[in-house]
Structure formats: structure tokens, C-alpha cells
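Please read the structure below before turning to the comments.
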Amino acid sequence: MSEANAKLEQFRGEARAWLAANFPRSLVGKAAVYMTYDLDVPMEGDALAWRTALGEKGWGTPTWPTEYGGGGLSQMEARVLQEEMHAIGAFNPIPILAGMGVTMVGPTVLEYGTEDQKQRHLPPIARGEVRWCLGYSEPNAGSDLASLATKAVDKGDYWEINGQKIWTSGADISQWCGALVRTDVNVGKRDGISFLMFPMDQPGVRTRPIKLIAGASPFCETFFDNARADKKDLLGKLNDGWSVGKRLLQHERQSQTGGAPMGGGGGSLQELAKKYVGLDSAGKLRDEDLRLRLAQHLMDAKTHSLTLARVAAESRGNAKVTAAASILKNSATHVAQARAELTLEIMGGNGLGWEGESFNDEEINAVRAWLSGKAMSIYGGSFEIQNNIISKNILGLPETTQKG
Amino acid sequence: MSEANAKLEQFRGEARAWLAANFPRSLVGKAAVYMTYDLDVPMEGDALAWRTALGEKGWGTPTWPTEYGGGGLSQMEARVLQEEMHAIGAFNPIPILAGMGVTMVGPTVLEYGTEDQKQRHLPPIARGEVRWCLGYSEPNAGSDLASLATKAVDKGDYWEINGQKIWTSGADISQWCGALVRTDVNVGKRDGISFLMFPMDQPGVRTRPIKLIAGASPFCETFFDNARADKKDLLGKLNDGWSVGKRLLQHERQSQTGGAPMGGGGGSLQELAKKYVGLDSAGKLRDEDLRLRLAQHLMDAKTHSLTLARVAAESRGNAKVTAAASILKNSATHVAQARAELTLEIMGGNGLGWEGESFNDEEINAVRAWLSGKAMSIYGGSFEIQNNIISKNILGLPETTQKG
Amino acid sequence: MAALNEEQSILKDQAIAWINDNGPVAAFRAMRDSGNPLGFEQATWSAMADMGWPGILVPEEFGGSNLGYLTFGLILEELGKQLTASPLLASGLVGAAALILGGNAAQKKACLPRIADGSRIVTLAVDESTRHDPAGIALAAHKTANGFALSGDKCFVVEGGAATDFVVAARTAGNAGDANGITLFLVDGAADGISRTLLRTADSRGYAHLKFANLEVSHAAVLGDVDNGGALLDAILDRARAGVAAEMLGTASQAFAMTLEYLKTRKQFGQVIGAFQALGHRAAELYTEMELARSAVEGALAAIDADAADVPAMCSLSKCKAGAFLFRMSNQLIQIHGGIGMTDEFDAGFYLKRARALETMYGNQGFHRARFATLMGF
Amino acid sequence: MAALNEEQSILKDQAIAWINDNGPVAAFRAMRDSGNPLGFEQATWSAMADMGWPGILVPEEFGGSNLGYLTFGLILEELGKQLTASPLLASGLVGAAALILGGNAAQKKACLPRIADGSRIVTLAVDESTRHDPAGIALAAHKTANGFALSGDKCFVVEGGAATDFVVAARTAGNAGDANGITLFLVDGAADGISRTLLRTADSRGYAHLKFANLEVSHAAVLGDVDNGGALLDAILDRARAGVAAEMLGTASQAFAMTLEYLKTRKQFGQVIGAFQALGHRAAELYTEMELARSAVEGALAAIDADAADVPAMCSLSKCKAGAFLFRMSNQLIQIHGGIGMTDEFDAGFYLKRARALETMYGNQGFHRARFATLMGF
């Protein structure tokens with residue numbers, strides 16, 4: 001225990017020294033500029049230097065193996081690295097720059113990929129040079145992903161892909177795509193699906209950004225018209241794409257259960273309420289009904305946080321995920337959406353602000369975040385799908401109403 | 001219009017005179033004694049005289065035809081009669097004395113019965129001499145009534161009945177029973193069911209009262225062991241009992257949508273709250289959270305009343321029941337159950353009273369009524385069944401999850 | 001819906017037909033995309049005036065049809081269904097109510113005919129902060145030699161960009177929070193002392209902030225009694241609330257209709273999604289809530305028409321009930337439509353945004369729940 | 001559930017095994033049917049004492065095992081599942097907490113060993129009306145030559161019939177509603193000045209009303225400080241609330257287990273009813289609520305063990321969350337079981353009645369929601 005600790009502290013020293021030598025001080029306080037999913041910020045000057053240094057060291061993907069461009073660190077070391085970065089105001093832009101590369105594609109390639117695939121795809125992701133998008137949903141295959149219709153036909157040298165994907169986040173600025181496609185039309189819905197990887201910069205691929213109710217979005221419709229994937233870029237086994245895709249989705253779901261405060265309301269909701277609504281002489285919020293609903297929400301939010309902590313504690317040294325984890329997606333969504341609603345209610349008329357000088361940034365962001373947040377109960381396993389999963393997988397109730 | 005009015009006023013005079021001559025003054029204020037479903041109150045002295053007079057006049061069942069013992073009155077005249085009875089403190093005990101006879105069996109016999117059945121069964125009901133119970137539910141056929149298993153076999157002269165019914169209200173004190181039984185086991189679930197009528201006082205019938213969570217109840221389990229029904233007491237067509245039974249249930253459902261205050265809380269809920277909780281110096285209930293939930297409930301209750309009034313107004317001169325009527329059962333249940341919960345919450349610790357001197361009658365009644373009221377969302381079309389009906393019959397959504 | 005008389009039925013059918021042709025949600029989209037700062041098209045408003053809608057509440061002697069609030073509600077409900085943008089609610093109902101309830105003979109004669117023919121747009125300026133708080137009115141009206149001088153701010157004035165006149169609730173005595181000391185004024189929107197800021201809100205309606213800089217008005221501008229305008233203001237607001245509730249009911253019932261249609265046509269897992277019992281029951285519950293909300297809305301409008309004693313409670317009730325249903329329904333509109341519901345190309349977002357805006361207008365559910373308790377004496 | 005250490009795991013397994021054999025819900029039914037006025041069987045209590053349960057919180061020097069609140073909660077949860085009746089919560093948790101937090105050396109030495117071995121049952125007497133209102137304490141403790149004289153009423157004292165001693169919250173200064181002026185006393189239940197009325201409640205637990213008629217006690221009876229007992233009382237109550245929440249979690253989770261079992265076995269319309277998606281989703285939502293409630297309950301117990309700064313907020317939170325889940329779950333237990341759930345022969349009614357009783361104990365959801373807001377500073 002203390003030997004391990006000593007080793008960890010030694011690593012802390014090394015990390016601190018390397019960061020001091022390599023992180024440009026000019027980037028302190030700039031995290032927000034580079035850590036946004038919505039924009040394709042150009043990497044120049046110090047930012048480019050920092051990305052390059054981080055990529056060469058492998059610390060943009062600290063726990064990936066060194067042979068594929070990662071840092072080869074343990075989870076504990078990675079946490080120490082994060083602490084040290086946080087301490088000096090450093091940040092890691094590579095997971096953002098890589099789109100779905102670091103969070104979803106990478107781990108799945110590590111698990112399912114051939115040695116060749118690992119060699120070709122992982123290092124560019126680890127260096128933050130290649131951005132990935134994912135082709136999953138289709139206009140007629142949302143929650144029911146198994147009914148997807150985009151086809152890939154074996155043309156000897158390559159796969160020829162035809163069809164349409166939707167909700168491909170960042171498709172218009174990505175270099176590579178991983179997509180679920182139908183490679184056998186003669187078998188059951190979940191069979192006959194494969195996972196292909198291919199470059200976006202080719203004649204057969206066209207993207208169209210989707211405008212959302214909250215305004216511009218990273219999402220696209222993506223059209224494949226005789227697009228091509230190299231034969232060596234089939235990930236996992238032929239017609240076994242369903243399990244590859246499911247694994248990827250698990251990574252997505254894990255990233256959605258934090259119940260992180262939505263934009264425009266990162267501060268404490270009770271402070272916001274005090275500011276907009278005010279307290280009476282007894283120290284109570286001037287809106288008695290709001291006061292009690294706000295209290296209820298804060299209890300809900302706290303309970304969700306306690307559950308996150310409990311799941312983490314129960315999982316420690318326990319390979320199997322605890323059953324309680326199954327509730328986190330819906331619970332996180334409930335808390336985040338309620339928070340967004342309360343934020344607007346607290347802001348009153350200003351919680352209707354769309355643009356213009358009459359509203360401040362916090363208000364306008366809150367309105368946009370409220371709208372964007374409605375997607376939380378739709379994507380990554382809708383509210384209803386999550387309840388199906390709990391009902392069937394956790395509670396062991398029969399599944400009669402879902403065929404296919 | 002004014003001619004009709006004049007005729008009605010003439011009837012009012014006649015009714016008033018007859019009541020003055022026949023209603024024993026000794027019974028004024030005794031309505032509660034004789035108007036309870038729970039007890040089999042003996043009819044003696046003035047009460048017996050009153051029942052007899054009412055029965056002979058046919059005014060216990062005022063709108064039934066005179067040839068079957070009814071009063072032959074119009075709906076308007078019946079209302080006038082009721083007003084006049086109310087004015088002098090008179091009451092009509094016959095619908096209570098007849099169990100399910102006046103409210104459910106009678107109207108259905110009038111509609112489906114043979115002339116012989118009408119002649120034999122209706123007058124004793126109209127005189128309040130014969131009490132009826134109904135055999136519907138079975139231990140394995142509750143909401144799914146179509147799967148009932150009680151069998152009746154044609155023995156030439158009579159039907160022989162074997163099986164078990166449950167929730168037969170008043171079976172232990174009834175003289176006659178109307179029951180749904182299976183007369184053809186070889187066809188679909190809703191087919192092959194018939195409606196039979198038979199006397200309870202026979203060797204093949206045994207009843208056992210059911211104790212409920214609220215205490216003693218009018219409900220029984222009823223066992224048939226080679227019980228007999230006369231061949232002439234099949235109501236409606238053979239194997240068409242489903243439609244007869246459905247018609248009967250419509251009468252039941254109609255009697256459940258009034259959202260009448262549950263026992264133990266007949267007064268105003270806000271007055272109860274003022275009494276138990278008190279107001280602060282600003283005139284607000286001392287429990288701020290309760291105050292707002294109580295306001296919400298009173299709004300819900302008022303909205304339900306408004307809906308009842310709206311449905312009545314829309315139905316006037318309109319043979320077809322309005323679609324809004326379909327929501328009344330669940331809405332009434334919601335309001336009544338919420339009222340019962342709030343009543344106990346307002347009473348605080350005293351809302352736990354079961355018996356003994358430490359609690360007053362209102363408190364103990366409120367606790368029992370709270371428990372009894374949980375049945376409202378189960379019987380007469382459960383909450384879930386009502387939602388199925390709305391979904392399918394009103395909204396036209398497909399029915400895939402219910403077979404049979 | 002309430003049993004309609006013949007006149008109401010004709011008017012309702014006329015409204016449905018006209019809105020179908022002239023004011024469907026596609027027209028709202030076009031208006032929004034055009035960036036029109038007023039939030040409605042003048043042609044739409046003129047057509048409504050031609051049909052007599054702004055005069056529905058106005059007595060016949062002043063050029064209206066005097067058909068009452070229940071009838072007005074029928075029109076508002078239909079407009080709410082298609083989000084048809086116009087100042088009908090703000091002027092034809094709220095402005096007209098202010099004049100009818102508070103105007104003297106001269107004011108009525110001067111103003112009501114022009115409200116009825118749509119040539120004047122009279123709206124109410126009440127709130128002064130981000131929250132609805134009629135008790136907190138502080139905008140000062142100081143007595144001057146010839147009348148009063150108004151100074152202060154009014155926020156989120158509905159159709160405040162297009163208004164030709166404002167009914168302004170001001171304080172002539174006491175302090176913010178006092179029940180007494182409120183006076184209503186009818187002021188010309190073009191006056192020098194008023195400056196307007198048009199707002200760009202999520203629901204694309206024509207709100208404005210107003211600033212009064214020592215605006216001088218004569219005694220003739222007073223609507224109702226000096227210092228005792230609180231009750232008049234409440235009465236106007238209650239009518240406004242019932243009107244908004246009718247619009248909310250329309251918006252929500254259209255969201256219900258769109259959702260029901262989708263439940264019957266969208267297929268997932270090999271069947272239409274309405275065949276999933278969880279969604280079927282949800283639809284049944286939404287339908288139940290819709291029917292209840294309708295009773296509340298029609299009940300409030302009918303109570304106003306009958307001059308019933310419980311108008312305040314009924315109006316708070318209607319705003320609450322319509323609000324709760326619209327909130328749930330607009331969210332389910334998105335949820336059940338899934339990804340497509342999140343796109344701007346589909347109309348669901350309009351309904352969600354409008355729902356949020358109507359919820360804040362003239363008091364949200366929390367405001368009215370607490371008010372209902374107070375009105376019930378506890 | 002929380003990751004348990006070995007000691008906790010053993011204790012929990014022991015509790016489950018013992019309750020299965022000795023305290024299942026059938027034992028509760030038998031106790032109720034017997035009309036036992038105390039609401040529990042002495043043999044049950046003796047067995048619990050033999051297993052050391054009343055001493056779980058008691059420091060080792062006073063004969064306890066000092067295992068803390070999270071451990072105590074494990075036992076309460078298991079007892080809650082089977083409604084096992086005993087004064088364990090009232091004395092082993094609330095009474096012990098009062099002595100541990102407020103007792104001086106002499107009081108601890110005299111009392112804690114006897115709480116731990118079950119020979120004394122020490123319970124808290126706090127409320128004086130039908131509602132939980134610790135701020136409203138009015139029971140008067142007048143100063144006398146030798147100490148104090150107590151006069152007044154206490155209501156709904158938990159296990160008040162069986163108690164050998166009472167911790168009485170009394171007013172030594174100020175008026176009902178004042179934060180200061182509260183003093184706690186440890187008094188002998190057998191004293192002449194105390195009369196008890198046992199209650200017959202729906203949940204068949206052993207509550208009593210107490211009447212204090214000029215009961216004289218010495219200075220040695222004061223628990224904590226004179227006039228400044230408010231904070232001590234709050235601390236005891238918070239522990240009581242977290243304990244009740246643990247019991248509620250157990251009661252509700254058993255109701256969930258019974259319901260889930262029924263969903264898997266009861267057939268209607270040709271399939272088990274759990275196959276109906278509306279019921280399957282309802283079960284999923286109840287499960288979600290159960291897991292969340294568990295986090296809240298364990299969080300509060302752990303906060304007490306860690307002497308965290310947010311103990312008051314966490315205890316209100318746990319009572320609220322467990323209360324909301326138990327309310328919904330006990331109602332669904334009946335609803336999903338249908339007619340059979342309404343019969344006394346089936347156990348569902350016990351859970352429903354117990355749920356209502358636990359909800360009122362030491363403050364209902366409304367009380368704690370409002371308290372949480374106050375604790376959060378708004």
C-alpha cells in the first residue's frame with residue numbers, strides 16, 4: 001500500500017515537471033475555448049504546440065497502451081495526471097478534437113480491432129489529428145436500431161455503402177466514420193449487421209447539418225451514395241456488428257449519467273433563485289410554491305449524486321456493474337431536465353430570452369440548454385428503452401410487447 | 001312548455017299530499033339508519049309500513065313501468081318526487097333493501113328479460129322484499145372477466161352450477177343472485193358465457209364473508225356446489241351473457257363517477273385543515289407545503305365537478321354519450337383517493353386512529369374510508385382497464401397487448 | 001366541449017376554415033423566419049378585424065358583437081392550435097376588457113370602436129420585473145398641475161411592439177406591495193415619454209419593455225378610480241388569464257392531436273408505437289388531462305360571462321390546469337416524436353417554446369396555486 | 001446497497017435468518033390478532049437483546065458494540081421488511097442517541113448498559129398535538145426548590161406503552177415557538193405524576209399519550225443543558241428520522257418484492273401481468289425510485305456516522321425520499337394485487353397502514369421539504 005503510494009507520488013513529481021516544461025502558460029484560462037464540442041476551433045501556435053506535445057507523450061489518451069500512441073498509465077496515475085493538470089490550469093483537448101475517437105471508437109477498436117486496425121487508427125486519434133463520427137441512427141431506425149437499412153455490399157476489394165444516417169454528430173468536420181450497416185439482408189434484424197470504418201473525405205459521402213430547436217447543432221444527416229470502406233476496415237466479425245455497436249453505446253451511456261448541470265445554470269440553483277426571486281423577511285424565497293418545488297428538486301439532485309457515489313463504491317473491486325447502475329440514465333435525465341425547467345422558471349420572463357441585448361448570456365444559454373436537454377430522454381437509450389431494459393434485464397419481467 | 005310545467009306542478013301537489021299522508025313522521029332524521037349498504041337493518045313498525053306504502057304505490061322504483069310494480073313516472077316527475085321527499089325528510093329505502101336489484105338487475109331485466117321474468121322478478125324488487133346480489137368476479141377472473149370458470153350444465157329441467165365467485169356484495173343476506181357462468185366451454189372466452197338468475201336459499205349455495213383491510217365488509221366469497229337455476233331464468237340469449245353482463249357493469253360504472261366525498265370527510269377539506277392545522281397571522285395554513293398541495297387538490301376536485309357538469313350538459317338531448325365521459329371513472333377515483341390521503345394527513349397522528357376513546361368517530365371513519373377507497377381504482381373497471389378503454393375505444397389506438 | 005349555440009358553432013367553423021387557409025403553423029414559421037420584429041403579420045390582423053374578432057367582447061353600441069368570453073375562447077383556442085400570431089388576445093380581450101370594465105362613457109366611445117375594428121391595439125402594461133407580481137407595482141404616477149406624470153419601467157408587455165395604446169398600472173399612493181394606491185391609465189403609445197425595446201424571445205411573440213420618462217397625462221387618461229385601481233386590475237388580469245388558458249388549451253390539444261397521429265403511424269419494432277401499452281396508457285392519461293383542462297377553461301370563461309362570484313378562483317384554476325396540461329403535453333410531443341421532434345424542421349419546438357412563454361404570462365402555476373389557496377381562505 | 005464490511009455482513013445475515021424464523025409478517029399478524037396492547041411480544045424483544053441489537057450504538061464501555069448508524073440501519077431495514085414489532089427503533093436508536101449525545105457520565109453509566117441489554121426501554125416524548133412540531137413545545141417544566149415540576153401532555157409517544165423511561169422535551173423558558181428555552185429530561189416512566197393512554201392505531205404499533213401532572217424531578221434528570229436543549233433535541237430527532245427512513249426503506253422494498261413476484265406469476269388475459277408494458281414500466285420506475293431512496297437512506301446514516309456537517313439536511317432528505325417511495329409503493333402493492341390486495345387475509349393492508357404511520361412519524365414529507373429549504377438557506 002505505502003510502496004504503491006510512493007510510486008504514485010513519484011509519478012506525480014514526474015507529471016508535474018513535464019507539465020511545467022510543456023504546458024504553455026498562454027493557454028491558462030483558455031480551457032473553455034478549446035473544450036467545446038460545438039465548434040471546430042483551429043489549432044495554431046501555442047495550442048498546436050500543446051496538442052503536439054501531449055500527443056507525442058501519449059497523455060491525451062493516458063490509459064491507452066503506449067504501442068498505439070497512448071500513455072500506458074494506470075487509472076490511478078491518470079487521475080494524478082488530471083489533478084496535476086487541473087492544479088496549473090492545463091487541459092486535455094484531444095478527446096474533444098477526436099470527436100467520438102477517444103471516448104467511443106478507441107476503446108472499442110482496442111477491444112475488437114485487428115493489430116493492423118489498432119496500428120492505423122489509434123495513434124492519429126491519440127495525437128488529436130483525426131476526428132471520428134459515428135453512423136448509427138437512421139430516419140426509420142431510432143430507438144429500434146435493429147431495423148436499420150443502410151446497406152453495404154461486398155465488392156471484392158471494398159464494401160459499397162448506400163443509405164442514410166441521421167444524428168451523426170460532427171459528421172461535417174470529421175475525417176473518419178464508424179457506422180453500423182446491413183451486410184446480410186436475409187437474416188433477422190439484429191443479425192446481418194456489421195461495423196465498418198471509412199474516411200469521410202470521399203465522393204460517395206455527403207453531409208447536411210441539422211438545425212435543432214435550440215438552434216445550430218453538431219448533428220448532421222449523412223448520405224451514402226456508393227461510398228466505400230476498405231475490406232480491412234471491418235471492425236469485429238462480419239454480421240456481428242450488433243455486439244460491437246452495443247459496446248460502443250455502453251461507452252456513450254456511461255458518459256451521460258453524471259447529471260452534470262446543464263449550461264446556463266452551472267451555479268447553485270438556490271443562489272440563482274435568491275438573485276431573481278429574492279428572500280422575504282423570514283429568509284424564505286418570495287415565491288412559496290417555487291420554494292418547495294426547488295427544495296424537492298435539490299433533494300432529487302442530491303439523491304442522484306449519492307447514487308452515483310454508491311454505484312462507484314459498490315463497483316470498486318467488483319468487475320460486475322451493480323444493478324443500481326441501470327437507473328442512472330433516467331435519473332440523470334430527470335434531474336437535468338427538471339433543473340433546466342426550474343432555471344427558466346426562476347428567471348421568469350428573462351427565461352424566454354432567445355437573442356438580443358435585453359437578455360444576458362446566462363439567460364440565453366439557459367434557454368438553449370433547456371431545449372437541447374430535451375434530447376437527454378431520447379438519445380443514448382430513450383426513457384422508454386431504459387425502462388424496458390430495467391424491466392427485462394434487471395427485474396426479469398418478460399418482454400412481450402417488443403418483437404424483433 | 002308552460003303546459004308541461006303546469007302538469008309537473010300538478011304532480012308535485014299530488015306527491016306532496018301523498019307523502020304527507022303516508023310518510024311516518026317518526027322516521028324523520030332516520031335516513032342514515034336505513035340508507036346504509038353495510039347493514040341488514042330489520043324493517044319493523046313504521047319503517048315496515050313506509051316500505052309497504054312506497055312499494056304499493058310503486059314509488060320506490062318511480063320510473064319503472066306500473067305493470068311491473070313501478071311508479072310509471074317520467075324522469076322529471078321522479079325528480080319532483082325526490083325533491084318533495086327531501087323537503088319533508090322522507091327517504092326511499094327500497095334501492096338499498098333490494099341490494100343490486102333496483103340499480104342494476106332491474107334495468108337489465110327490463111331490457112333483456114322475458115315477459116315472465118319481468119312479472120316474477122321486478123315487482124318483489126320494487127316492493128323492497130327481495131334483495132339481489134351479483135356473481136361476477138372469480139379468484140382467477142378479476143379485470144379479465146372473460147376467463148371466468150364457473151360452469152353451468154344443462155340438466156334438462158334446470159342448469160347445474162359449479163364453481164366459485166368472489167366479491168359478491170351482500171351474498172350472505174340476499175335472496176336472489178344474478179351470475180355470469182360458462183355454458184359453453186368449447187368457444188372463445190367471451191363467447192359461451194350466459195347470465196343466470198337463481199335463489200340463494202338452496203343447498204348448493206354457500207357464502208363466506210370477506211374481511212377487508214378496512215374491517216368488516218359486505219363482500220363474500222360464494223361457492224356453488226351443484227346449485228340450480230331454473231331453465232326459465234336465463235337472462236338474455238344463451239351464450240350471450242357477455243353483453244348482458246356488460247350492460248349491467250355500465251350501470252355500476254355510472255354510479256361510481258360522482259367523486260362523492262368519502263366517509264369521514266364529508267365537510268370541506270379546508271375547514272378540516274383550519275381546525276387541525278390552523279392559520280398563521282397572515283391567514284395562511286400553518287403548514288406551507290400542505291397548503292399548496294391542498295390547493296392543488298381542491299382545484300383537481302373542482303375540475304372534476306366541472307367535467308361532470310359539462311358531460312351532463314353535452315349529453316342533454318344527445319343519445320350518444322360524449323367522449324369526455326370515458327375519463328370520469330379514473331378522474332373520480334383520483335380525486336376521491338387524494339382527498340382521503342389529505343384528510344389523514346391533515347388529521348396527523350389522529351389520522352391513524354383505528355378504535356378506542358382516543359379518536360373521535362370522524363377520525364376513525366376517515367381511516368376506514370381511506371382504506372376502503374383504495375378499491376375504487378380496482379373495481380368497476382380498474383385504473384389500468386379504464387386506460388385501455390380510453391386508448392382503444394376513444395383514441396383508436398391498436399390493442400396488441402391484450403389477447404382474448 | 002361546451003354545448004355551443006348556433007352563433008358559436010358558425011363562428012367556430014369560420015375560424016377553423018380561415019385559420020386552415022390563412023394562419024396555419026406554416027404561416028407562423030414563415031413569420032418567424034422573416035425576423036418580423038412585431039411577431040405577427042399586418043394582413044393577418046386585418047383579416048381578423050374584417051371577421052369581427054377583435055369586437056367579440058365589445059358591446060354592440062360600440063361596434064362589437066358582444067358575444068362574450070366563452071365565444072372569444074373558442075377563437076383563441078383555434079388560434080392556439082396553429083400558433084397563429086396576432087394581437088387578438090392582447091387587444092381584443094385584455095385591452096377591450098380594460099375599457100369595458102374601467103372606461104367611462106367618453107373613453108369607451110373613443111376607444112372601443114377602434115379596438116373592435118382593429119385600428120387600435122390596446123394592451124396592458126403591468127409587470128415591472130421578470131416575474132408576474134401585480135401587487136408589487138411601483139411605476140410612479142406623480143400628481144401634476146394638469147394630471148399625472150408617469151416614470152418607471154414596464155416589462156414583457158404582450159404585443160408591446162405593435163400596441164397603439166397602453167393600459168398602464170401605476171402607483172399613485174403608498175408603496176410597492178400595498179393593496180391600495182394603484183391607478184390605471186390609458187396612454188397613447190406614440191407619446192414622447194415612452195420608449196420601447198422589442199424583445200427577441202424563444203416563442204417569437206411581440207413582447208416589449210417600456211420606459212416611461214416623466215410622461216405627462218391628463219385626468220382624462222385615468223381608467224377607473226384614482227388610487228383604487230387594484231380591484232379593476234385584478235378583474236382585467238383574471239379575464240386575461242382565462243383567455244390565455246383558452247389559447248393554452250388549443251396549443252396543447254393540437255400537440256395532443258399531432259402526438260396521437262404519430263402514435264398511429266410511426267413504426268418501431270415492427271408495430272405502430274401506439275400499440276405499446278406504456279405509450280397507449282400515456283396517451284389515455286394525456287387525454288384525461290385534456291378533457292379536465294377543457295372543463296376548467298370553459299368553466300372560467302362561462303363564470304366571467306355569468307359574472308359569477310368565483311371568477312377569481314375559476315380564472316386561477318383555469319390557468320393552472322391548462323398550464324399543467326400544456327407543460328406535460330408539449331414535453332411529450334417532443335419525447336414521443338423522438339429525434340425528429342428535436343429538429344427545427346418539425347414544428348414540435350414551436351409548441352414547446354410557446355408553452356413555456358404562456359406559462360409565465362399573467363402568473364404561472366405556482367402563482368395561481370398559492371392565489372387559489374388565499375382565495376379559498378387558507 | 002452500501003459496500004458492507006465483514007462485521008456488517010455477518011450481522012445482516014444473522015438478522016435475515018433470525019427474522020425469517022422468528023419475526024416474519026405472520027408473527028406480526030398473530031400479534032395484531034391477539035390484541036396485544038403493547039404492540040410487540042416480550043419474547044421477540046428479549047431475543048433481540050440477546051443478539052445485542054439494542055446495543056449497536058452504545059459504546060463498548062457501556063456494554064454495547066458501537067457499530068454505528070449505518071449498521072443499525074441494516075437491522076431496521078430487515079425488520080421493516082417483515083414489519084417485525086419491537087421497541088428497537090424507539091429505545092435502541094432514539095433513546096440511546098439521547099443518552100449518548102446528551103447524557104452526562106452518571107446518566108450514561110446508569111442508563112446505557114440497560115438500554116443495551118434491553119432491560120430498559122427509553123423513548124422520546126416530543127410532540128404535543130396531532131402534528132410533529134418540535135418548535136412548538138409547550139409542556140411546562142417549572143423550577144422548584146429541588147429541581148423541576150413537569151405539567152402537560154405528550155402525544156403519540158412511540159412505544160409509549162412499553163417504555164420504562166421517557167426523554168421528555170419540556171419548556172423551561174420562553175413560549176411555544178421560541179427556539180430557546182427547551183430542556184430535555186430523563187424521567188422514570190413509573191413515576192406517579194405520569195399517566196399513560198395506550199392508543200389503538202391502524203398500524204398496531206405501541207403508541208401512547210402521556211399526561212404529566214406536576215411531576216417533580218431533580219436536577220439530575222436534566223439531559224444536556226437547561227434552556228438550551230433545542231439543538232440536542234434536533235440532533236436526536238435527526239437520528240430518529242434516519243432510523244425511521246431505514247425502516248421505511250425495508251417496508252417499501254418488501255412491498256416491491258411482493259409486487260414483483262406477483263407480476264411474474266399472476267396471469268390475466270392469457271399472460272403474466274408483468275408482460276403488460278404499462279406494468280413493466282411502472283415496475284421499472286418503482287425500482288428506480290427504490291434505488292434512489294436507498295442512496296438517500298444510506299447517505300444519511302453514513303453522514304451521522306461521519307459526524308458530517310450536513311446531517312440535518314441529509315436526515316430530512318432521507319425521510320422525504322423514503323417516504324415518497326413507501327407511499328407510492330404501498331399503494332401500488334394494493335393496486336397491482338387488485339381485489340386480493342384489499343382483503344385482510346393478504347398482507348398488503350399491513351404495509352399500507354404502516355406506511356401511513358411511518359409517514360407521520362418525526363415529520364412527514366411536507367415538514368421535511370420545507371425544513372430542507374430552510375436548511376439550504378432559502
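Quick note: numbers below take in every heavy atom, side chains included, and nothing from hydrogens, waters or symmetry partners.
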Indicate the atoms forming the closest heavy-atom contact of A:Ile385 with C:Phe269, along with that distance.
CD1-CZ, 3.9 Å

Between A:Leu212 and C:Met342, the two heavy atoms sitting closest are CD2-O, 3.1 Å

Nearest heavy-atom contact between C:Lys353 and A:Ile213 is NZ-O, 2.8 Å

If I measure from the heavy atoms of chain C, does A:Glu288 come under 4.5 Å with its side chain, its backbone, both, or neither?
side chain

Which portion of C:Leu279 sits near chain A, non-hydrogen atoms under 4.5 angstrom:
side chain

Examine whether an atom of A:Glu357 lies under 4.5 Å from a heavy atom of chain C, and if so say whether it belongs to the side chain, the backbone or both; otherwise answer neither.
neither

Under 4.5 Å from a heavy atom of chain A, the part of C:Phe346 involved
neither

Top contributor to chain A contacts, counting heavy-atom pairs under 4.5 Å, from C:Glu359, C:Met361, C:Arg266, C:Gln365
C:Arg266

Please classify the contact between A:Leu290 and chain C as side chain, backbone, both or neither, with a heavy-atom cut-off of under 4.5 Å.
side chain

What are the two closest non-hydrogen atoms of A:Val367 and C:Ala202, and how far apart are they?
CG1-CB, 4.0 Å

Is C:Thr130 close to A:Met347 at the side-chain level, that is, under 4.5 Å between some pair of heavy atoms?
no

Contact origin within A:Phe383 toward chain C - heavy atom pairs under 4.5 Å
both

To check you understand the geometry: which heavy-atom pair defines the closest contact between A:Ser377 and C:Gln335, and what is its length?
OG-OE1, 2.6 Å

Residue part contacting chain C, namely of A:Asn387, when any heavy atom lies under 4.5 Å
neither

Is the closest basic N to carboxylate O distance between C:Asp133 and A:Arg286 below 4.0 Å?
no

Below 4.5 Å from any heavy atom of chain C, which atoms of A:Arg293 appear? Answer side chain, backbone, both or neither.
side chain

Mind listing the closest non-hydrogen atom pair of A:Lys211 and C:Arg32 along with its distance?
NZ-NH2, 3.9 Å

With a 4.5 angstrom heavy-atom cut-off, is it the side chain or the backbone of A:Asp287 that approaches chain C, or both, or neither?
side chain

Region of A:Ser147 that comes under 4.5 Å of a non-hydrogen atom in chain C:
neither

If we define contacts as heavy-atom pairs under 4.5 Å, which of C:Gly338, C:Gly339, C:Ser129 has the most with chain A?
C:Gly339

Counting only non-hydrogen atoms closer than 4.5 Å, does C:Thr343 touch chain A with its backbone (N, CA, C, O), its side chain (CB onward), both, or neither?
both

